[in-house]
Amino acid sequence: MAKFIVSPKLLRLKPRLTPIVSLPSSHFLHYHFPKPTSSSSTASFPQTLPTSYSLPPKPVSPLNTAATFNNVILDPRHLSCCMPDKRLKVAVLLSGGVDSSVALRLLHAAGHSCTAFYLKIWFQEDFENYWTECPWEEDLKYARAVCDQVDVPLQVVHLTDEYWNNVVSYIIEEYRCGRTPNPDVLCNTRIKFGAFMDAIYNMDYDYIASGHYANVVHPSADQSNKASILELSQDMVKDQTYFLSHLSQFQLKQLIFPLGCLSKDEVRQLAAKFDLPNKGRKDSQGICFLGKIRFSDFVARHIGEMEGIILEAETGDFLGKHRGFWFYTIGQRQGLCLPGGPWYAI
């Protein structure tokens, strides 16, 4: 495996036969957005954003029987993570993908008053970026079409400055120091359930929902002083609790994850039943702000390159050269371009 030692130009490698276990990084900063003041809570929203909505609640059948909504038969288990026994005002994060769209439809079927929010979080326009590579216009088109099916209002929220300041610039500086923070962990903590949560704090929503594969168990009303617990989802392959693991109690207590009781296959089946406009859309992968750009190209653009040497860790033998230690992370195998491996970075 390879190891970065005192000199930033020196990279050490050795072969490894056993798999590497990835643990949450200890160098993550826990970022907490303070309770907003009235003067800043809606600074990033369009001036026309309404502060309240009132949709008539829909009747919901008892959980022990199948229910029909818009000619779609739902098993009671489909709504079990949607708090169907209550009538709530829910802000739903809608990305244009299948998961968040099904989450919205399940909450709507459970009788909640929903408002959808699309977060536009690409780069600031005065930075060299890749807007043309990001499918945000297509995402927004699908999000609107999903909302139009059930007359749910949709608001576009611009958080580009917040995203650059609290996620992208932080990632760049961490890579410059040889560390590799997870963009999804940061985005969830600082943006989706950070800046956005602060912005709608005064809008009197009961909960915020998203299409994450996770589950939050909230204490009963008479035990509100107890903690809300983040639990694994039903689908252990798609589970996203790792990416939510840095959320605070303040954040967790305001969240609902409707897909926490379902598998990915069931979500796809529900998308077909609901006849969602995006029912056949593929899952997004990678870091959203990069689009089709390789992450190594992005790092090179913002940090540059600095040639160094690669050594075999146990013998000290010279193996080759590298472009800069910030292009590598512990456990990495791809991109080393060395014969006689596999080689791993340590």
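Heavy atoms of other residues, nucleotides or ligands lying less than 6.0 angstrom from CZ of Arg268 number more than 12. For Gln334, the CD atom counts as loosely surrounded, since its 6.0 Å shell holds 12 or fewer non-hydrogen atoms of other residues, nucleotides or ligands. Residue Arg323 qualifies as enclosed at atom CZ: its count of foreign heavy atoms under 6.0 Å is above 12.
Contact annotation: the side chain of Cys187 never approaches that of Phe243 to less than 4.5 Å [non-hydrogen atoms, C-beta and beyond]. For the pair Asp184 and Gln240, the minimum side-chain heavy-atom distance is 4.5 Å or more. Contact of the Tyr205 side chain with the Val90 side chain is not registered, since no non-hydrogen atoms from C-beta on lie closer than 4.5 Å. Side-chain contact between Leu104 and Cys147: present, with at least one pair of heavy atoms (C-beta onward) separated by less than 4.5 Å. You'll find the side chain of Ile256 stays beyond 4.5 Å of the side chain of Cys81, heavy atoms only. In this structure the side chain of Pro277 reaches within 4.5 angstrom of the side chain of Gln149, judged on heavy atoms. Annotation: side chain of Lys264 is not in contact with side chain of Val237 (no heavy-atom distance under 4.5 Å). Taking the side chain as every heavy atom from C-beta outward, Phe327 and Gln332 never approach each other to under 4.5 Å.
A pairwise comparison of heavy atoms in Ala116 and Val152 identifies N-CG1, 3.9 Å as the closest pair. For Glu312 against Thr315, the heavy-atom pair with the smallest separation is OE1-N, 2.7 Å. When all heavy atoms are compared, the tightest approach of Glu266 to Ser263 is OE1-N, 2.9 Å. Residues Val98 and Arg281 share a closest heavy-atom pair of CG2-O, 3.7 Å. The two residues Thr189 and Val185 have their closest heavy-atom pair at OG1-O, 2.9 Å. Considering all non-hydrogen atoms of both residues, Gly96 and Asn278 come closest at O-ND2, 2.9 Å.
In the model, Asp206 has no side-chain atom that pairs as donor or acceptor with a side-chain atom of His112 under 3.5 Å. Between the side chains of His158 and Thr160, not a single donor N or O lies within less than 3.5 Å of an accepting N or O. With hydrogens and angles left out, the side-chain atoms of Asp235 and Ser233 include no donor and acceptor closer than 3.5 Å. Remark: the Ser220 side chain and the Asp222 side chain contain an N/O donor-acceptor pair separated by less than 3.5 Å.
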Apply side-chain hydrogen bond (donor to acceptor under 3.5 Å, both in side chains) to Asp239 and Thr241, showing your working.
CA-CA 6 Å; Asp239 182 80; Thr241 49; 2.5 Å; yes

Applying side-chain hydrogen bond (donor to acceptor under 3.5 Å, both in side chains), run through Tyr213 and Asp99 and close with a yes or a no.
CA-CA 9 Å; Tyr213 286 85; Asp99 292 337; 2.9 Å; yes

Decide side chain to side chain contact (heavy atoms under 4.5 Å, CB included) for Tyr118 and Val156; before the verdict, give the C-alpha distance in whole Å, the side-chain angles of both, and the deciding distance to 0.1 Å.
CA-CA 5 Å; Tyr118 178 85; Val156 178; 4.3 Å; yes

Show, in sequence, the C-alpha distance, side-chain angles and deciding distance for Lys238 and Val267, and conclude whether the side chain to side chain contact (heavy atoms under 4.5 Å, CB included) test is met.
CA-CA 11 Å; Lys238 301 297 293 185; Val267 170; over 6 Å; no

Would you sort out whether Arg105 and Leu270 count as a side chain to side chain contact (heavy atoms under 4.5 Å, CB included), showing the intermediate values?
CA-CA 9 Å; Arg105 289 298 300 268; Leu270 285 170; over 6 Å; no

List the steps and the verdict of side chain to side chain contact (heavy atoms under 4.5 Å, CB included) for Leu107 and Leu88.
CA-CA 9 Å; Leu107 290 165; Leu88 303 170; over 6 Å; no

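Salt bridge status for Asp275 with Lys279: present, with a side-chain N to carboxylate O gap under 4.0 Å. Under a 4.0 Å N-O distance rule, the pair Lys141/Glu138 does not qualify as a salt bridge.
With hydrogens and angles disregarded, a donor-acceptor distance shorter than 3.5 Å links the side chain of Arg87 to the backbone of Pro84. Between the side chain of Gln254 and the backbone N or O of Phe250, at least one donor-acceptor pair lies under 3.5 Å. Side chain of Gln251 to main chain of Ser248: a donor-acceptor pair is present (N/O by atom type, distance under 3.5 Å, no hydrogens or angles). Of the possible polar contacts, none joining the Trp326 side chain to the Ile172 backbone as a donor-acceptor pair under 3.5 Å is found. Side-chain N or O atoms of Ser210 include none that pairs as donor or acceptor with a backbone N or O of Leu93 at under 3.5 Å.
In the hydrophobic clustering of ILVMFWY residues, with side-chain heavy atoms under 4.5 Å counting as a link, Tyr142 and Leu154 come out apart. In the hydrophobic clustering of this structure, Tyr201 groups with Leu255; members are Ile, Leu, Val, Met, Phe, Trp, Tyr whose side-chain heavy atoms approach within less than 4.5 Å, directly or through other members. Hydrophobic clustering, with ILVMFWY side chains joined whenever heavy atoms are under 4.5 angstrom apart, groups Trp164 together with Ile121. Hydrophobic clustering keeps Met83 apart from Val217 (ILVMFWY residues linked when any side-chain heavy atoms are closer than 4.5 Å, directly or through intermediates).
By the 30° and 60° cut-offs, the orientation of the rings of His322 relative to Tyr328 is perpendicular. In this pair, Tyr207 and His218 present their aromatic rings tilted. The plane angle is within the 30 to 60° band. Between Phe257 and Phe193, the ring-plane angle classifies as perpendicular under the 30° and 60° cut-offs.
Distance check, rounded to the nearest 0.5 Å: CG of Asp265 to CD of Gln269 gives 6.5 Å. Separation of atoms CD (Glu137) and CG (Leu140) is listed at 8.5 Å; rounding is to 0.5 Å. Residue Leu276 holds its CG atom at 5.5 Å from OG of Ser101, rounded to the nearest 0.5 Å. Between Leu262 atom CG and Leu79 atom CG the span is 9.0 Å, to the nearest 0.5 Å. Atom-to-atom distance recorded for Ile303:CD1 and Tyr175:OH is 8.5 Å, nearest 0.5 angstrom. Separation of atoms NE2 (His246) and CG (Leu244) is listed at 10.5 Å; rounding is to 0.5 Å.
The six-membered or imidazole ring of Phe274 lies away from that of His108, with a centre-to-centre distance of 6.0 Å or more.
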